[in-house]
Amino acid sequence: MAIRRYQAAQGEGHRDVCLIPSSAHGTNPASAAMVQMKVVVVECDQNGNIDIADLRAKAEQHSDKLSAIMLTYPSTHGVFETSVREACKIVHDNGGQVYIDGANMNAQVGLTRPGDFGGDVSHLNLHKTFCIPHGGGGPGMGPIGVKAHLAPYVSNHVVTPINGVNADSGAVSAAAFGSASILPISWAYIKMMGARGLREATELAILNANYIAKRLEASFPILYRGQHGTVAHECIIDIRPLKAASGISEEDIAKRLMDYGFHAPTMSFPVPGTLMIEPTESESLYEIDRFCDAMIAIRDEIARVESGEWPLDNNPLVNAPHTQADLMDSDWQRPYDRQLAAFPTAAVQAAKYWPAVNRVDNVFGDRQLICSCPSIDEYRD
Ligand SMILES: *Cc1c(COP(=O)(O)O)cnc(C)c1O
């Protein structure tokens, strides 16, 4: 909204095209659509970077109406795009503003700033990098930083007007400071970490992701890497070739991880058929090794399906997760033993998490809608 109001003040209120790379999170086109922008998708190259030639072509094609680009750095493909400055310049040269999606600040804090490489606006997802709880639909809180030229155009509030901001810029949230009660968490985190600690967290997040990429690369292809063969703060492992060769899917791996005591990493986002691993700075080397050991052991299990030792419809992967009821069943009809099912590694033997139920049918759940609100007539009766 600040970009739109700024452009309107320049007599450029007709600018309404928003460029969004195909690697973007769905919240980006959704946000652009909410301020009546038209989304134009920019392609990515085979390394996961924004295709600069396509960006240039689309920026020039829409030059008269270009309002903004929304880009994520490092990208959702888990790479630091070396052409990010050039991408920002192309958009500026064609009359647009640059919005940097701040979701991946975990790979930037203390090392760089969105404004340094060309951003005009950036938000901070406090639930990504700054420690507030994630998920459950809230409580959300996303401070937005803008460069000075946009400052007068950010949203104001009728009850608590902001100094220096146009009085007629409407609010985006009914509460003047949003979900302000959660801000002390981020404040305390920043205070306790200090400048050096925050920088170290960023460095460790990047190091941890690269450590995992290195340990897993012999077992699973790493989908995207940067120029020097490294990843940013997350790495995507590609399960599609394995699935084609063995019939075992990314979902089977995700479910089998429960038997090994893990909640699966992000599945099929941003690329279908993959797993995206984002360890952050918080996990110890012991925990990261335990995870890599599990993934490598799972790869060996897949090999036993590939070789025909276990049938595709009866193996520890497709039967995962295993419950206590499965193991206690006196009629155990499986080509692997109970120990492998529930205690596949020494780490699991020492500390076992028990899945309470077998695999749920996700798709069935999505398609069987239940209306939980009885009609008003039923109240009358
Ligand atoms: C998580 C994320 C967002 C914001 O999504 P939330 O629904 O607020 O969690 C936006 N962009 C990217 C790249 C993200 O990873």
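Every number for a ligand or one of its atoms is a count from 1 in the order of the listing. Numbers for residues simply follow the sequence, beginning at 1.
Checked against the 6.0 Å centroid threshold, His228 and Phe80 do not count as a close aromatic pair. A distance of 6.0 Å or more separates the ring centres of His157 and Phe177.
Between Arg215 and Asp293 there is a salt bridge, since a side-chain N of the basic residue sits under 4.0 Å from a carboxylate O of the acidic one.
Using the six-membered ring where Trp is involved, Tyr73 and Phe117 have ring planes that are tilted, between 30° and 60° apart.
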Pairs under 3.5 Å, N/O atoms on ligand 1 and on the protein: can you put them in a table with the distances?
{"residue": "ligand 1", "atom": "8 (O)", "partner": "His127", "partner atom": "NE2", "Å": "3.2"}
{"residue": "ligand 1", "atom": "9 (O)", "partner": "His127", "partner atom": "NE2", "Å": "2.7"}
{"residue": "ligand 1", "atom": "11 (N)", "partner": "Asp101", "partner atom": "OD1", "Å": "3.3"}
{"residue": "ligand 1", "atom": "11 (N)", "partner": "Asp101", "partner atom": "OD2", "Å": "2.5"}
{"residue": "ligand 1", "atom": "15 (O)", "partner": "Lys128", "partner atom": "NZ", "Å": "2.9"}

Query raised in the report: Going through the distances and angles, do Val271 and Arg240 end up as a side chain to side chain contact (heavy atoms under 4.5 Å, CB included)?
Result: CA-CA 10 Å; Val271 183; Arg240 292 168 298 184; 3.7 Å; yes
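Residues Glu217 and Arg225 meet the side-chain proximity criterion, which asks for heavy atoms closer than 4.5 Å.
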